[in-house]
Amino acid sequence: MSRTRRSSLPAARPGGTPSGSRHAAATTRSAGAATRAVTRTLSDDPLGGTVRRTVLPSGLRVLTEAIPAMRSVSFGIWVAVGSRDETGPQAGAAHFLEHLLFKGTHKRDALEISSSIEAVGGETNAFTTKEYTCYYARVLDEDLPLAIDVMCDLVADSVLEPADVETERGVILEEIAMHDDEPGDEVHDLLTRAVYGDHPLGRLISGTAETVTPMTRRQIQSFYRRRYVAPQIVIAAAGNLDHATVVRLVRSALKGSPLDTDPATPASHRPTTPEVRTQPPTVVVHAKETEQAHVVLGCPGIDRLDERRFALGVLNNVLGGGMSSRLFQEIRERRGLAYSVYSYASQYADTGLFGVYAGCAPGRVQEVLELTRAELARTAAQGVTEAELARGKGMSKGSFVLGLEDTGSRMSRLAKGELLYGDLVPVDELLHRVDAVTLDDVNALAADLLSRPMSLAVVGPFGESDFIA
């Protein structure tokens, strides 16, 4: 099981019909019947396969991409529930539940869940983020019926035995402790907390020992049944498959389960909330005797529906997105001050986060911070060059297309488009959107974003007084 914390630039847009996609002339539906599934062909992408979407009567959605050239299929169940949906005392409930769903159902125990997939050479896993949870399997195409039955069973009908709750509590507490021993990860959580404070986005996805230890089975069960409802769930599959067969198998697997419910309308993508209140810029230091200091400078960024997100992807590539980036060249290549240095952007429904990370010897921290701040200020004031713009756009397009070379990434694209944006944009249009980014777009964003006051998070052998000017 895993947690995620930083996300790459999303490549989709909200609302409407994707231009460039070819939609079926007719929609498969029974006239006026709210109890029938509704199927549409979303696209027939020349860079991929045929994408179809079926809405079941319960409001659960099934999307597939048929890629006959593949011999595998990736199958995922995505739930629009993450750590930001928890109250303070519930912190860590979504992640706790992710662990527990693999522990057994009314049909299978934990060993049967894992061994049935591994026996055919497949793999299963899950991860929790701040805004959604995903359970997935990757199998040979001939074993897709098995994967669908197992994964639907564990998501829809987990038992949550009291003994399993106690066992997994111990596992999660060990995971939290392990995370605390990874300063390169911890420093990003410190920055998130510094920017968002007590807002749910500022909390650890795993929760803390103080919230996980007293959490009861009843609390987790209540969270499970209130949050894991059909309209909030998207099932996605990509590979050598037949859409109608996948839908039939999903309906069969869910028949009679808590997700086989009365007719309902699918939930829309996560609505934006009133403006997320961020904290004034601050310095947060976790004093720890480490061989290397870990620092992150960061500030509130833009949300995932912001039209500037394509320009942000380009700017991030230029500033700290690769070995040719400004920060990497200046701090590592020219001066040898750090092994790892990069910038990143995380985006949520209604806000975002921009950060620059570096890991270096404690004695070099001040120099690294001075160089980083100087580069941010220079980019904000002077912008980027035409050559950097071209390189940044090329990196965005290349990483996106190369990232779609396996069934898992294709499956994820389907689910995220539906769950986060309510739309699936064809690959060609996404590449066009990147190509359309202008120098003025990037420089205007740089002037805005990189001139914002930044918080500083540090893990290493320091005190806060070491970073007060």
Side-chain angles (χ1 to χ4, degrees), residues 27-40 52-64 75-82 84-86 90 93-94 96-98 100-108 113 126 128 131-137 144-161 217-237 243-271 411 414-420 422:
T27 298
T28 304
R29 118 176 26 230
S30 175
T35 58
R36 299 293 179 88
V38 179
T39 299
R40 298 171 64 196
R52 291 190 173 90
R53 173 183 185 265
T54 292
V55 180
L56 301 184
S58 63
L60 185 147
R61 289 151 283 174
V62 180
L63 289 90
T64 68
F75 177 83
I77 302 177
W78 299 65
V79 189
V81 176
R84 74 172 298 180
D85 299 303
E86 304 159 346
Q90 291 178 327
F96 205 147
L97 180 58
E98 175 219 310
L100 285 171
L101 295 196
F102 284 87
K103 300 301 287 185
T105 71
H106 289 95
K107 291 170 58 177
R108 299 174 174 91
I113 289 172
T128 305
E131 296 190 323
Y132 54 87
T133 307
C134 172
Y135 304 83
Y136 65 92
L144 179 59
L146 171 67
I148 291 176
D149 191 53
V150 171
M151 300 307 291
C152 286
D153 183 31
L154 73 88
V155 170
D157 201 27
S158 181
V159 177
L160 307 188
E161 289 283 2
R217 176 190 181 276
R218 183 175 180 179
Q219 288 174 311
I220 300 169
Q221 174 79 12
S222 175
F223 187 87
Y224 180 28
R225 290 307 172 201
R226 285 187 297 107
R227 297 291 186 171
Y228 278 53
V229 293
Q232 295 276 9
I233 293 176
V234 170
I235 289 179
H243 179 80
T245 301
V246 172
V247 172
R248 176 177 57 79
L249 291 169
V250 166
R251 297 191 76 168
S252 177
L254 295 178
K255 187 175 181 180
S257 79
L259 294 182
D260 183 17
T261 57
D262 293 337
T265 301
S268 60
H269 57 78
R270 183 181 292 271
M411 178 271 289
L414 298 182
K416 289 180 180 179
E418 178 71 26
L419 200 66
L420 306 184

Separation between CZ of Arg40 and CG of Leu63, rounded to the nearest 0.5 Å: 10.5 Å
Kindly give the heavy-atom pair with the smallest separation between His269 and Gly422, and that separation in Å. CD2-N, 4.1 Å
Distance in Å, Asp153 CG paired with Leu259 CG, rounded so as to fall on 0.5 Å steps: 11.0 Å
Got a sec, which residues hit side chain to side chain contact (heavy atoms under 4.5 Å, CB included) with Gln90, two or more places apart in sequence or on another chain? Glu86, Thr87, Ala93, Phe223, Arg226
On a heavy-atom basis, the closest approach of Val159 and Arg217 is O-NH2, 3.1 Å
Excluding sequence neighbours, so at least two apart, what forms salt bridge (charged side-chain N to carboxylate O under 4.0 Å, His left out) with Asp157? none
For Glu98 and Thr128, which I'm curious about, is there any donor-acceptor pair between the side chains at under 3.5 Å? yes
Which residues share a side chain to side chain contact (heavy atoms under 4.5 Å, CB included) with Ala236, sequence neighbours left out: Met411, Leu414, Ala415
The complete set of side-chain hydrogen bond (donor to acceptor under 3.5 Å, both in side chains) pairs with one or both residues in residues 53-62, sequence neighbours excluded, reads Thr39-Thr54, Arg53-Glu418, Thr54-His243, Arg61-Glu418
Can you tell me how far apart OH (Tyr135) and CG (Leu154) are? Round to the nearest 0.5 Å. 8.0 Å
Test of understanding: with ring pair (Phe, Tyr, Trp, His ring centres under 6.0 Å), list the residues that count as partners of Tyr228, not counting sequence neighbours. Tyr224
Sorted by chain and residue number, the side chain to side chain contact (heavy atoms under 4.5 Å, CB included) partners of Leu249 (sequence neighbours excluded) come out as Pro145, Ile148, Thr245
For the residue pair Ala80 and Asp85, what are the closest heavy atoms and their distance? O-OD2, 4.0 Å
Decide yes or no for Cys152 and Ile77: does some side-chain heavy atom of the first lie under 4.5 Å from some side-chain heavy atom of the second? yes
Between CZ of Phe75 and OG1 of Thr64, what distance do you get to the nearest 0.5 Å? 11.0 Å
Locate the shortest heavy-atom distance separating Thr133 from Val81; write the atom from each residue and the value. OG1-O, 2.7 Å
For the pair Leu160 and Leu97, evaluate side chain to side chain contact (heavy atoms under 4.5 Å, CB included) and give the outcome as yes or no after the intermediate values. CA-CA 9 Å; Leu160 307 188; Leu97 180 58; 4.1 Å; yes
Measure the spacing between CD of Gln232 and OG of Ser268 and express it to the nearest 0.5 Å. 8.5 Å
Side chain to side chain contact (heavy atoms under 4.5 Å, CB included) evaluation trace for Leu420 with Arg270: CA-CA 7 Å; Leu420 306 184; Arg270 183 181 292 271; over 6 Å; no
What is the distance from atom CD1 of Ile233 to atom CH2 of Trp78, rounded to the nearest 0.5 Å? 13.5 Å
So do Ile235 and Leu60 actually touch side chain to side chain, heavy atoms under 4.5 Å? yes
Show your reasoning for whether side chain to side chain contact (heavy atoms under 4.5 Å, CB included) applies to Val246 and Leu144. CA-CA 8 Å; Val246 172; Leu144 179 59; 3.8 Å; yes
Side chain of Asp260, backbone of Ser257: donor and acceptor closer than 3.5 Å? no
Start with the C-alpha distance between Arg52 and Val247, add both sets of side-chain angles, then the distance that settles side chain to side chain contact (heavy atoms under 4.5 Å, CB included), and finish with yes or no. CA-CA 10 Å; Arg52 291 190 173 90; Val247 172; over 6 Å; no
Between the side chain of Arg227 and the main-chain N/O of Ala94, is any donor-acceptor distance below 3.5 Å? no
Arg225, CZ: over 12 other non-hydrogen atoms inside 6.0 angstrom: yes
